[in-house]
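This report concerns only the one structure given below.
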Amino acid sequence: MAAGGGSLMSSVFTWLNDPSHWRDDPSRSFIGIPTEIMTHLRFSAIAIGIAVAIALPIGLVIGHSGRATWVVSVVNAVRSIPGVGLLVLLAVIISPHFHGRTDLGYLVPTEIVLVLIALPPILANTYAGVDAVDPEVCDAARGMGMTSRQVLLRVEFPNSLPLIFSGVRSAILQVIATATIASYFPLNGLGRYIYDGFHQQDYAQLVSGGVLVALLAVLVDLAMASIQRLAVSPGVSGRFSKRRSAPADAATGSVRIKGEVATG
Amino acid sequence: MTALTSAGTVLASSSSSPLAFWSYFRDHLHEDLTFLWDHVYLSLLPVVIGLLISLPLGYVAHRFRWTYPPIISITGLLYTIPSIALFVIVPPLFGLKALDPKQVPIALTIYSVALLTRVVADGLSSVPEETRLAATAMGYGQLRRLVGVELPIAAPVIAAGLRVATVSNVSLVAIAGTIGLDNLGRLFDIGIQLSTPTPYYPPIVLGIILCVLLALTFDGLIVFGNRVLTPWRRAVAR
Amino acid sequence: MIRFESVTKQYPDGTVAVSDLEFEAASGEITVLVGPSGCGKTTSLRMINRLIEPTSGRIWLDDEDTAKIKPAQLRRGIGYVIQRAGLFPHRTVLDNIATVPLLTGQNKKHARARAMELLERVGLDPAFAKRYPAQLSGGQQQRVGVARALAADPPVMLLDEPFSAVDPVVREQLQNEFLRLQAELHKTIVFVTHDIDEAIKLGDKVAVLRVGGRLAQFATPAELLSRPVDSFVAGFVGRDRGYRALGFAEAGALPLSGESPARLGEKVRAARERARDDWALVVDAEQRPQGWLAVGGLPDDALDGEITADLLNLGGTLARESGTLREALDAALSSPSGRGVIVHDDGTFAGTVSASQVLARIEERAAGVRREAVDAAAAERGRAPAGTWAGDEP
């Protein structure tokens, strides 16, 4: 067992630099880093895709019409449920129904939980984004003869993109994080190194797993930031002049935390 | 070890249905209350320390505008790292042993600082320039202005950030239960281990309920505190 | 032409925003709706393009009932300008202007080319085309708003307090340019404002509304000033009515006294010799008035110098020959010499006129107006007019 600080760090370096860890080795039932990364990304992408497909249209419609805002509050309440607990609960309920294909038995509850985790940030931010569009701009759009749908798609949506992107990015991070925890069960993904390391008391593996997850999250977020820069109109992001980042609004006590909106 | 002793007493007692969480709670009162207390402590302490660190740090980012981008980039980066990754990375960086329980509060403090620094900086920036100038013109020194004028006005924004920080901490602490650390998350661990061959729900359900109640309580306390500290906002007819 | 026929707007909670409104905005004219807060002017405007639906009554667009046209289609044929322009932040200025043409499916290149024309027409540099609204000042945004409304060349335009959100200097520029545009385009315009001076300046016809959305008076600005129909309108139109009415009276042929002005660069002595009193008017090489030179009481050594710009008194305003009595009177009153400077339309010196001469003209005109009123009243009562006098205005 590695003792404190320095030697733990060096054993982590060693572990990460070991080429055998970058290859799949069925004989020791060890799965290599690249494969685990792809698995991890696959789990995450499925959940994000589903969550965006559900939350984005709903958020747009609620923001545009201003009705049924209670839906946003209800979905927000889901945030206070611990992801781990939900994971465990659903796994315990669902997995016995899948005898033989144990993988699927854990995959289904995991994906369900990942989608549930991704919904609140995307929905809340999409709604807030549409809601925040200057009503005068919408009025001008209607006055010029745009139909309701045209106003939503051509005016409200492009102007809400910064907040929508923040919500999606936040959701992605939470999904990647929770997908890591899914390896608490016999599921693959980068979390496999953490939990195997934990059970085998192989602390180099444990910490390496953490390092890999951290790197993955940071790189994915950077990629999303680049996409955001390309997708959002400069007129909206203020990318042409020196503008300070959008400040919080003291009057309403709401705040954007890394793009998520919480109201005080 | 705890799991085995719990298993021993549990097999002797009641049903495994989800609704039996109350009797499970009574049967394991001491253990569960310990978990609860640990969880409260692990959720709140990092936020308190985090706030104490974020206030000066956020102030610096706000006051010296050139420091804002680097500070916010670094804190943003830290916030990007998934919690469990941060838990396991902390020991080697801080010279602890690999599964030292201290890693949880340290990691969560880092998280809270990462979250709250930007909130404090943006909250202070949201104070209207006219108000700030008026205070200076009336003779407020810098520190008094900060404490007497700017922070109170920024309070709602900071309170909103505190809510997010505390509520997410409750979930994050539970995650640490999966790597053997003691708190309400252990209830999930216990539940899983007892769920072979048939599902054993009570500890799981109990864990979820307690976490939710805890999160709601903290949230409510902060909202209440914010309302008490900012009476002028209530006075405005909405 | 836009005609309101017994239009009422009542909200579910009982408030009546507009009550039985009837008037006609003639084609090619600017009709201004003006009144205090709560008089329903904006509501009425928005009923024209059906952003708000009337509770009862009809609004006619030429000979079509607007209720029978699909709203989106109706609006694409009506230009709409609001207080803070409402430009789309996510589109460039050029794309903002081209919105309606693109919406109706016009060719992109075409639409953008036309947008460029309009950009220059509203007085903006072509460099603005690629910028975003957030980079523009309030006045510039308003101009883009007007260009956007003009893009599809709609016959009708609705403007809701378009110049209220900018500072007074910019506002005056925008108003003048707006009048210039209208002189070229002759659109049917309905314009809402709370500012009676703006209404009087811009409107061909003005509808004064009172709180509760009832029409108080619908008349030309000159009539509004000279014959307010009740105390509400009189109070709303405000003080200085008589003086402001002069702004609508053409000066006509004022008796101009010639004087030979001095020129920049001439010797001061020469100017004093030609001057008829203590003041000499100075013009530049193109005969454009530059200011007054005080030639009385000058010490002898100053007489040898040349006339330069910094010696001049710039106190007097200039009145155009084709301008109003108000301009002429102001020129006379503000002039340091007591002689108001009148210029031709190209800015060159025409002559001077004294305050008493302008006043005499004002009194003549007022007498004429009074005569007309008496005749009109008599005609109403069916009697013969009082007869004509010698010395009538030509």
Side-chain angles (χ1 to χ4, degrees), chain A residues 60 63-67 125-126 128-166 227-247 249 256, chain C residues 42 45-46 48-52 69-105 130-136 141-142 144-146 148-152 154 157-162 165:
Chain A
L60 286 177
H64 175 72
S65 67
R67 290 195 292 250
N125 273 35
T126 305
V130 176
D131 194 52
V133 175
D134 190 349
E136 289 210 344
V137 172
C138 299
D139 186 59
R142 273 182 74 214
M144 286 190 299
M146 286 194 184
T147 60
S148 201
R149 183 195 295 186
Q150 286 170 329
V151 174
L152 175 59
L153 292 176
R154 298 192 195 200
V155 178
E156 289 177 317
F157 176 62
N159 281 291
S160 333
L161 277 180
L163 270 178
I164 294 179
F165 259 98
S166 296
I227 297 179
Q228 178 171 350
R229 191 173 299 200
L230 291 172
V232 177
S233 159
V236 177
S237 61
R239 203 160 271 293
F240 40 75
S241 54
K242 278 199 297 280
R243 292 172 56 134
R244 61 187 163 134
S245 52
D249 186 29
R256 297 207 181 94
Chain C
T42 297
L45 187 82
R46 287 160 69 91
I48 298 178
N49 65 358
R50 291 179 66 185
L51 285 175
I52 299 181
I69 312 175
K70 280 176 90 158
Q73 199 181 330
L74 174 69
R75 293 171 197 152
R76 290 177 198 185
I78 298 182
Y80 183 54
V81 181
I82 54 177
Q83 199 175 60
R84 269 185 308 258
L87 299 181
F88 298 153
H90 65 293
R91 294 204 185 148
T92 58
V93 163
L94 197 69
D95 284 339
N96 259 286
I97 297 178
T99 303
V100 179
L102 288 176
L103 202 61
T104 51
K130 286 264 171 287
R131 300 213 191 139
Y132 288 94
Q135 295 171 278
L136 270 52
Q141 285 184 16
Q142 272 313 82
V144 175
V146 172
R148 184 172 68 170
L150 288 172
M157 278 182 67
L158 306 178
L159 296 103
D160 188 357
E161 309 223 36

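In the text below, chain A, chain B and the rest are named by the order of the sequence lines, each starting its count at 1. Just so you know, these numbers use all the heavy atoms, side chains as well, and skip hydrogens, waters and symmetry mates.
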Any side-chain heavy atom of A/Met146 sitting closer than 4.5 Å to one from C/Arg76?
no

Between C/Pro89 and chain A, with a heavy-atom cut-off of 4.5 Å, which part of the residue counts as in contact: side chain, backbone, both or neither?
both

Under a 4.5 Å heavy-atom cut-off, does chain A meet the side chain of C/Leu87, its backbone, both or neither?
backbone

dist C/Lys70:NZ -> A/Thr147:OG1 (nearest 0.5 Å) comes out at 9.5 Å

Nearest 0.5 angstrom please: C/His90 NE2 to A/Ser160 OG, how far?
9.5 Å

Between A/Pro234 and chain C, with a heavy-atom cut-off of 4.5 Å, which part of the residue counts as in contact: side chain, backbone, both or neither?
both

Tested for side chain to side chain contact (heavy atoms under 4.5 Å, CB included) against C/Phe88, the lone hit among A/Val137, A/Val133, A/Asp134 is A/Val137

If you take all heavy atoms of A/Ala140 and C/Ala85, which pair is closest and at what distance?
CB-O, 4.2 Å

C/Arg75 and A/Met144: CA distance, side-chain angles, deciding distance, side-chain contact (heavy atoms from CB on, under 4.5 Å) verdict:
CA-CA 5 Å; C/Arg75 293 171 197 152; A/Met144 286 190 299; over 6 Å; no

Yes or no on side-chain contact (heavy atoms from CB on, under 4.5 Å) for C/Arg91 and A/Arg154, after CA distance, side-chain angles and deciding distance?
CA-CA 10 Å; C/Arg91 294 204 185 148; A/Arg154 298 192 195 200; 3.9 Å; yes

Give me the atom names and distance for the closest heavy-atom approach of A/Gly143 to C/Tyr80.
CA-CD2, 3.5 Å

In this structure, are over 12 heavy atoms from other groups packed under 6.0 Å from C/Arg84 atom CZ?
no

Side chain, backbone, both or neither: which part of C/Arg148 has a heavy atom under 4.5 Å from chain A?
side chain

Below 4.5 Å from any heavy atom of chain C, which atoms of A/Asp139 appear? Answer side chain, backbone, both or neither.
both

